> 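The structure's right below; bear with me while I get my questions together.
This is a predicted model, so every value here is computed, not measured.
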Amino acid sequence: MANAVSGMAVHDECKLKFVELKAKRNYRFIIFKIEDQEVVVEKLGSPDETYEDFTESMPANECRYAVYDFDFITDENCQKSKIFFIAWSPDTSKVRSKMVYASSKDRFKRELDGIQVELQATDPSEMSLDIIKGRAL
């Protein structure tokens, strides 16, 4: 289960909760963190939470992975949704933490089948709602 390169394992709950977000839409977002050489679920956002609730849940000085189920209306007036994978690596986080998250990201993302858009952010402006909307369309 662990990746030979980063030595990182992915807790089963990560995959199970992602499937629930994708298939059942039980969650608006999931925030993951690396703890004791394993990716674990840190927070689940209920379906009625907003993008602002999501961004406020991200720690200012620590790296995280997150998935966000973004609902939007196209120019043709169609209701759609896209699942974003966000790699949050703030400039103010520790260098070692940034390295661990960067080296484990691709492997973790492969565990989550159904990611449609990937975004990397080092400060809140890089994952603003306008940027999410722009990437979704």
> With sequence neighbours left out, what residues match D53 under side chain to side chain contact (heavy atoms under 4.5 Å, CB included)?
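For D53, the residues satisfying side chain to side chain contact (heavy atoms under 4.5 Å, CB included) (neighbours in sequence not counted) are E49, T50.
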> Linking I/L/V/M/F/W/Y whenever their side-chain heavy atoms sit closer than 4.5 Å, directly or via other members, would I31 and V10 fall into one cluster?
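Cluster IDs for I31 and V10 differ.
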> If you take all heavy atoms of C63 and S89, which pair is closest and at what distance?
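So the minimum-distance heavy-atom pair works out to SG-OG, 3.6 Å.
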> Regarding K17 and Y27, is there a side-chain donor-to-acceptor distance under 3.5 Å anywhere?
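Their side chains do contain a donor-acceptor pair, which is all the 3.5 Å distance test asks for.
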> Do P90 and T122 make a side-chain contact, defined as non-hydrogen atoms from C-beta onward lying under 4.5 Å apart?
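No, too far: nothing below the 4.5 Å cut-off.
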> Answer yes when K22 and E20 have at least one side-chain N-carboxylate O distance shorter than 4.0 Å, and no when they do not.
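No.
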> Count the heavy atoms belonging to other residues, nucleotides or ligands that lie under 6.0 Å from CD of E52, then report whether that count exceeds 12.
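Not more than 12 within 6.0 Å, no.
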> With no hydrogens and no angle check, is any side-chain donor or acceptor of W88 less than 3.5 Å from a backbone partner on A60?
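A pair under 3.5 Å: no.
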> Please answer whether the main-chain N or O of Y101 pairs with a side-chain N or O of S104 as donor and acceptor at a distance below 3.5 Å.
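Judged by distance alone, no pair lies under 3.5 Å.
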> What side-chain donor-acceptor pairs closer than 3.5 Å can you find for residues 128-137, not counting sequence neighbours?
residue, atom, partner, partner atom, Å
S128, OG, I131, N, 3.4
R135, NH1, E118, O, 3.3
R135, NH2, E118, O, 2.9

> Identify whether the distance between the nearest side-chain nitrogen and carboxylate oxygen of D71 and K80 falls below 4.0 Å.
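No.
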> Backbone N or O of E62 within a donor-acceptor pair of the K98 side chain at under 3.5 Å?
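Between the backbone of E62 and the side chain of K98 there is no qualifying donor-acceptor contact (under 3.5 Å).
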> Give me the atom names and distance for the closest heavy-atom approach of C14 to L112.
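So the minimum-distance heavy-atom pair works out to O-CD2, 4.1 Å.
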> Show the numbers, then the answer: is there a side chain to side chain donor-acceptor pair (under 3.5 Å) between S81 and D69?
CA-CA 7 Å; S81 126; D69 186 6; 2.8 Å; yes
> What are the two closest non-hydrogen atoms of M58 and M127, and how far apart are they?
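Shortest heavy-atom contact: CG-CE, 3.9 Å.
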> Can you tell which of F32, F84, F108, F18 makes a ring-ring contact (aromatic ring centres under 6.0 Å, His included) with Y65?
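When F32, F84, F108, F18 are each tested with Y65, the ring-ring contact (aromatic ring centres under 6.0 Å, His included) holds only for F108.
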> Do D106 and R110 have side chains that get closer than 4.5 Å, going by heavy atoms?
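Yes, at least one pair of side-chain atoms sits under 4.5 Å.
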> Test side chain to side chain donor-acceptor pair (under 3.5 Å) on S57 and K43 and set out the steps.
CA-CA 8 Å; S57 299; K43 180 173 183 179; 3.0 Å; yes
> Please confirm whether the backbone N or O of S93 pairs with a side-chain atom of S97, one donor and one acceptor, at under 3.5 Å?
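No, because the side chain of S97 does not come within donor-acceptor range (under 3.5 Å) of the backbone of S93.
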> Compare all side-chain heavy atoms of R107 with those of M8 and state whether any distance is below 4.5 angstrom.
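Not touching, per the 4.5 Å side-chain cut-off.
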> Would V41 and I83 show up in the same hydrophobic cluster when neighbours are defined by side-chain heavy atoms closer than 4.5 Å?
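Linked, V41 and I83 end up in one cluster.
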> Given side chain to side chain contact (heavy atoms under 4.5 Å, CB included), test V40 with K33 step by step and report yes or no.
CA-CA 6 Å; V40 297; K33 70 177 180 177; 4.0 Å; yes
> Between K15 and D12, is there a side-chain heavy-atom distance shorter than 4.5 Å?
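Yes, their side chains come closer than 4.5 Å.
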> Determine whether Q116 and F85 make a side-chain contact, defined as any pair of heavy atoms from C-beta on separated by less than 4.5 Å.
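They are not in side-chain contact.
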> Evaluate the side-chain proximity of T74 to E76: yes if any heavy-atom separation is below 4.5 Å, no if none is.
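Yes, their side chains come closer than 4.5 Å.
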> For F54, what residues pass the ring-ring contact (aromatic ring centres under 6.0 Å, His included) criterion, not counting sequence neighbours?
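Result, ring-ring contact (aromatic ring centres under 6.0 Å, His included) vs F54: F29, Y51, Y68.
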> Less than 4.5 Å apart, side chain to side chain, heavy atoms only: is that true for E42 and E35?
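E42 vs E35: side chains apart.
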> Assess the residue pair F72 and K82 against the criterion (side chain to side chain contact (heavy atoms under 4.5 Å, CB included)); give the C-alpha distance rounded to whole Å, side-chain angles, the decisive distance to 0.1 Å, and a yes or no.
CA-CA 8 Å; F72 61 100; K82 284 210 173 149; 3.8 Å; yes
> Find out if a path of hydrophobic residues (ILVMFWY) with successive side-chain heavy-atom gaps under 4.5 Å connects I34 to L44.
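Same hydrophobic cluster.
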> Got Q120 and E126 here, is their nearest side-chain heavy-atom distance under 4.5 Å?
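The answer is no, as the side chains (C-beta and beyond) never meet within the 4.5 Å cut-off.
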